[in-house]
Amino acid sequence: MAGSTHTVTNQPPPLIGHDVYTSDRALTEAVARHLAPELLDEAQGELTAFGRTCGSAQVQDWGRLANEHPPRLRTHDRYGRRIDEVEFHPSWHRLLGKGVAAGLTAGWVRPGGHVRRAAAFLLWTQVEAGNGCPLSMTHAAVPALRTEPDLAAEWEPLLTSMIYDRELRPAGQKAGALFGMGMTEKQGGSDVRANTTAAHPLPDGESYELTGHKWFCSAPMSDGFLVLAQAPGGLTCFLVPRVLADGSRNVFLIQRLKDKLGNRSNASAEVEFDGTWARRVGEEGRGVRTIIDMVAATRLDCVLGSAGLMRQAVTQAIHHCSHREAFDGKLVDKPLMRNVLADLAVESEAATTLALRLAAAYDDGGEQERALLRIAVPAAKYWVTKRCAPVTVEASECLGGNGYVEESGMPRLVRESPLNSIWEGAGNVQALDVLRALQREPAALDAYLREVGKARGADHRLDGAIKGLLTELADLEGIEARARRLTERLALVLQGSLLVRFAPPEVADAFCASRLGGDGGMAFGTLPSTLNLTSTVERSRPQA
């Protein structure tokens with residue numbers, strides 16, 4: 001029949017109009033586990049509504065458009081005046097508005113706020129990861145600002161507001177504000193103590209003028225920035241407002257935007273300070289100590305972001321294989337493909353379960369939970385973010401050639417996948433941070449061992465991994481060269497202990513066998529064939 005070659009068959013329907021939250025059983029169970037009963041109904045209602053928003057065709061299209069139309073730098077206006085502004089596609093602003101309204105910057109001021117926000121952040125990353133950067137830094141700036149009560153009183157209500165106010169105006173005229181961060185410089189990178197940006201005190205005793213540069217300054221259209229600079233007393237943290245109280249623009253010279261592998265919707269800039277007005281945050285010489293709580297919070301968001309990317313990749317792979325037929329049957333029913341999908345699903349669930357456990361520790365705020373975070377956050381940041389790239393690549397392969405085509409959305413996930421491993425301290429930085437916690441803070445290791453010990457005796461492979469970890473910890477000779485190996489084991493044992501306690505037996509069995517017991521290969525799809533893989537895949541299948 002004429003035209004019959006244009007009939008489309010054996011293609012999966014678009015994955016739109018589904019509830020991203022209630023389809024994610026690992027996430028919904030974690031929220032129920034970590035929230036107080038009196039908060040659960042309200043939180044589940046909010047997250048379910050937000051999950052439907054995330055799965056809507058309109059919002060997904062906003063994510064596509066924001067990446068297909070990346071930001072543009074305008075250094076001057078038509079008259080030659082310096083303005084240093086970045087223009088975004090309207091979809092970027094719509095996404096930020098939704099994210100702010102969903103409480104993604106309000107975790108510090110709501111009951112159970114960190115767990116609720118973590119779940120929403122994980123969902124929102126699946127729509128568009130780039131706008132997670134200003135949302136994350138705004139959220140994370142709060143604990144740093146609290147070291148200066150007057151600054152916190154001025155800025156915290158704006159940072160935790162659920163109103164997105166995109167206009168550049170003085171803080172006192174804003175309904176809500178976003179924050180960025182500038183730490184690294186050309187010559188130092190992660191070695192921020194090599195920073196050369198200078199801070200000169202002004203006569204009022206509270207403010208300074210900054211002169212220097214920042215090699216990476218994310219979200220340059222934010223209302224304020226936390227930056228590090230060398231004051232007379234040493235490296236110090238400062239707040240740089242984009243607009244001064246009198247309405248004039250602060251000196252904030254955007255030299256260029258970075259041309260990045262992924263994260264295309266989000267602007268990352270090189271900026272220059274030249275007599276830039278700033279307020280000190282914390283004591284002189286204690287800049288790293290002041291900003292470290294912000295860094296820890298953004299590192300947790302790196303874990304959440306990677307967990308979200310993995311979940312979206314696995315969702316797309318299972319959806320495709322559940323509808324695509326080949327060799328006389330659905331792909332999802334083929335034993336080898338089922339093994340691949342199950343292996344990916346296990347990795348995704350392990351990441352989600354760990355990320356929500358860390359968010360719950362923030363909500364608890366007790367001494368032992370704070371100690372646990374000191375070692376668990378860098379370990380999780382190291383491992384979960386490194387697992388994101390292989391998961392997204394393998395998930396793309398499940399779609400075959402379709403997964404290599406931009407229209408599928410999978411290439412955007414692949415390009416985004418290495419980012420969280422690099423930002424907020426790459427792998428070596430995280431591993432060395434773990435070593436510092438082990439060497440300087442005995443309470444951190446004690447809190448970690450107490451946590452993993454809650455699952456002891458439930459799985460012989462987990463018990464063996466804990467024993468091996470203790471042996472590793474007892475041998476401190478040449479420990480720095482083994483720091484990555486040790487950090488990986490800390491993360492895997494913690495994930496295994498959580499899954500043994502909380503995940504279905506088939507998920508915990510698959511994880512412990514392959515990740516702790518050595519019964520798995522170097523690639524995904526190498527789980528023991530004796531496991532219940534069908535149930536593991538079904539648990540992660542997206543529902544309409």
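In this chain, numbering begins with 1 at the start of the sequence shown.
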For this session: Check the pair E185 / T197 against side-chain hydrogen bond (donor to acceptor under 3.5 Å, both in side chains), numbers first and verdict last.
Result: CA-CA 8 Å; E185 298 182 2; T197 296; 2.6 Å; yes
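- A donor-acceptor contact shorter than 3.5 Å links the side chain of T471 to the backbone of K467.
- Heavy atoms from other residues, nucleotides or ligands lying under 6.0 Å from CZ of R485 number 12 at most.
- Partners of A129 under the side chain to side chain contact (heavy atoms under 4.5 Å, CB included) rule, at least two apart in sequence or in another chain, are T125, L309, E416.
- Under the rule for a salt bridge (Lys or Arg N to Asp or Glu O under 4.0 Å), D204 has no partner lying at least two apart in sequence or in another chain.
- A donor-acceptor contact shorter than 3.5 Å is absent between the side chain of S306 and the backbone of V303.
- With hydrogens and angles ignored, the 3.5 Å screen pairs a side-chain donor or acceptor of W108 with a backbone N or O of H139.
- Residues S421 and C388 are not in side-chain contact: their nearest non-hydrogen atoms beyond the backbone lie 4.5 Å or more apart.
- With sequence neighbours excluded, the residues that form a side chain to side chain contact (heavy atoms under 4.5 Å, CB included) with K174 are L158, D165, R169, D223.
- A distance-only check finds no donor-acceptor pair linking the side chain of E156 to the backbone of V142 [under 3.5 Å].
- For the pair K258 and W215, the cation-pi criterion (under 6.0 Å, within 45° of the ring axis) is fulfilled.
- With hydrogens and angles disregarded, no donor-acceptor distance shorter than 3.5 Å links the side chain of T487 to the backbone of R484.
- Side-chain contact between Q44 and L35 is absent, with no heavy atoms from C-beta onward closer than 4.5 Å.
- Put simply, the residue from F179, F273, F252, F238 that forms a ring-ring contact (aromatic ring centres under 6.0 Å, His included) with F225 is F252.
- Checking side-chain atoms of K98 against main-chain N and O of W124 turns up no donor-acceptor pair under 3.5 Å.
- R450 is linked by a side chain to side chain contact (heavy atoms under 4.5 Å, CB included) to Q368, D446, counting only residues two or more places apart in sequence or in another chain.
- Remark: side-chain polar atoms of K214 are paired, donor with acceptor, to backbone N or O of L228 under 3.5 angstrom.
- Taking R456 as the reference, D463, I466, L470 meet the side chain to side chain contact (heavy atoms under 4.5 Å, CB included) condition, with sequence neighbours excluded.
- With a 4.5 Å cut-off on side-chain heavy atoms, Y21 and C54 do not count as touching.
- Between S265 and E128, the side chains place a donor N or O and an acceptor N or O closer than 3.5 Å (distance only, hydrogens not considered).
- Residue pairs meeting the salt bridge (Lys or Arg N to Asp or Glu O under 4.0 Å) criterion with at least one member in residues 241-255, sequence neighbours excluded: E85-R249.
- When atom types are taken as modelled, the side chain of R116 and the backbone of P111 share a donor-acceptor pair closer than 3.5 angstrom.
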